[in-house]
Amino acid sequence: MFTVFIVGTAGSGKTTLVSTFAEWLENNQYDVAIVNLDPAVEYVPYIPDIDIRDVVSARELMRKYKLGPNGSIIAAIDMLAVRAQEIKSQIMDIGANYVLIDTPGQMELFAFRSVGSVLINRLSMDRSAVVFVIDATQAQTPSGYVSSMLLALSTQFRFNMPQVNVLNKIDLLDRSVVDEILEWSEETDLLREALMSNQANKLEADLSVRLSDILTAIGTIPRPIPISAKTGEGLDALYRVLHNVYVGGSDYD
Ligand code: GDP
Ligand code: MG
């Protein structure tokens, strides 16, 4: 059983990816189970095998405890962590090869609170990985790229699990723009140059250059895999990388 947590900023395409990747895996003869861990989502395009909204609904918490939208999500995630063992045994009962876990829309309420990693650790099976979804439309500016990579890196530190970064929504960009983003991850000099050409906001340019130097110094961030959760482009590449994680090594290029 391979558990794959799909994490990323709000609107990056986590839910869409869960749906299309599940379909892709099923077309390739895998048994897939889908778990929705987002207590606040209104609509999901897939049929979840386990839906956290059946256990705890953010909407209900809002009403019952007079919480705001963020407060209710936080309360819901805290409640989930307490019931993680129960959820885990439900997942195990399904007995699928692949378990795709959709996580809360606002990643900061989940990934950057300690209860998020508690929940992830409790739900992890013998093999687990995180897929971090980067929104290519956000990452197409040099400073947007740097902040996306920093988020990817902090998620990696936070969960301390094999992590695969994907650059999603490439169908919305010209191929040349996608190629440029991918080049930034390989040629730090190109990124530096692009960052410094931001004449409009010197402070942002300067800060981004410093941050990119940190990213370079850490040097463990592999090139993101370009995909479109909408068209299905690149899902075969994502599968291959995940398969390598599953069979042993967590490195990829
Ligand atoms: P989540 O908040 O991370 O779960 O994001 P969703 O999966 O709900 O997607 C947010 C929006 O982005 C929706 O309108 C999706 O249709 C759209 N979206 C997601 N992936 C893609 C993609 O690869 N291409 C395009 N064009 N839109 C996408
Ligand atoms: Mg979602």
Side-chain angles (χ1 to χ4, degrees), residues 3-25 27 32-59 69-70 72-74 76-77 80 87 99-113 116 119-120 123 129-140 144-145 147-149 151-152 154-155 158-159 163-179 181-182 224-239 241-242:
T3 321
V4 180
F5 296 90
I6 314 291
V7 181
T9 51
S12 58
K14 298 179 291 295
T15 298
T16 311
L17 179 60
V18 165
S19 173
T20 49
F21 194 47
E23 209 173 291
W24 190 95
L25 289 167
N27 288 337
V32 183
I34 299 179
V35 180
N36 170 41
L37 281 193
D38 188 346
V41 70
E42 292 285 337
Y43 165 79
V44 288
Y46 48 74
I47 300 165
D49 295 270
I50 296 172
D51 193 338
I52 242 49
R53 291 172 299 176
D54 298 337
V55 182
V56 20
S57 135
R59 185 170 285 275
N70 287 343
S72 67
I73 295 171
I74 289 172
I77 295 168
L80 284 184
I87 297 163
V99 183
L100 297 182
I101 304 197
D102 195 3
T103 63
Q106 284 94 323
M107 69 170 283
E108 66 274 27
L109 300 182
F110 167 70
F112 298 147
R113 297 180 61 248
L119 185 58
I120 278 204
L123 292 183
V130 168
V131 170
F132 185 83
V133 185
I134 297 164
D135 187 329
T137 64
Q138 309 270 345
Q140 64 178 320
Y145 171 83
S147 26
S148 299
M149 291 320 266
L151 274 179
S154 41
T155 305
R158 194 81 212 194
F159 294 139
Q163 179 170 316
V164 177
N165 298 329
V166 296
L167 186 68
N168 187 36
K169 306 194 187 181
I170 58 166
D171 60 294
L172 293 176
L173 301 180
D174 282 345
R175 187 67 221 189
S176 61
V177 177
V178 174
D179 287 342
I181 300 173
L182 296 176
I225 304 164
I227 65 159
S228 167
K230 192 173 174 187
T231 68
E233 191 182 350
L235 295 186
D236 48 345
L238 172 60
Y239 166 75
V241 171
L242 282 172

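All ligand and atom numbering here is 1-based and tracks the order in the structure.
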**Asked** Would a 4.5 Å heavy-atom cut-off, applied to side chains only, mark F110 and D38 as touching?
**Response**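 They are not in contact (no side-chain heavy atoms under 4.5 Å apart), so the answer is no.
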With heavy-atom distances below 4.5 Å as the criterion, would you say the side chains of V131 and L242 are in contact?
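Yes, side chains in contact.
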| said: How close do T103 and L37 get, counting heavy atoms only, and between which atoms? | reply: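 Where T103 meets L37 most closely, the heavy atoms are CA-CB, 4.3 Å.
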How close do A237 and I225 get, heavy atom to heavy atom, and via which atoms?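 For A237 and I225, the tightest heavy-atom pair comes out as CB-CG2, 3.9 Å.
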- Can you list the residues that meet the salt bridge (Lys or Arg N to Asp or Glu O under 4.0 Å) rule with R53, with sequence neighbours excluded?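 Per chain and number, R53 pairs via salt bridge (Lys or Arg N to Asp or Glu O under 4.0 Å) with D51.
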Checklist entry - What are the protein N/O/S atoms, named by residue and atom, that sit under 2.8 Å from the Mg ion (ligand 2)? => result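 Counting only protein N, O or S atoms under 2.8 Å from the Mg ion (ligand 2), the list reads T15 OG1.
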Check: Does N168 reach the main-chain N or O of A229 with its side chain, forming a donor-acceptor pair under 3.5 Å?
Finding: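 Judged by distance alone, yes, a pair lies under 3.5 Å.
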- Query: Is the side chain of Q138 donor-acceptor paired with the backbone N or O of S147 at a distance under 3.5 Å, no angle test?
  - Reply: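 No, Q138 side chain to S147 backbone: no donor-acceptor pair under 3.5 Å.
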query: Between the side chains of S176 and D174, does any donor sit under 3.5 Å from an acceptor?
result: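 D174 and S176 do not have a side-chain donor-acceptor pair below 3.5 Å.
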Which residue pairs satisfy the side-chain hydrogen bond (donor to acceptor under 3.5 Å, both in side chains) criterion with at least one member in residues 7-20, sequence neighbours excluded?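 Output for this query lists T15-D102.
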Checklist entry - What residues come within 4.0 Å of ligand 1, counting heavy atoms only? => result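 Those residues closer than 4.0 Å to ligand 1 by some heavy atom are T9, A10, G11, S12, G13, K14, T15, T16, N168, K169, D171, L172, S228, A229, K230.
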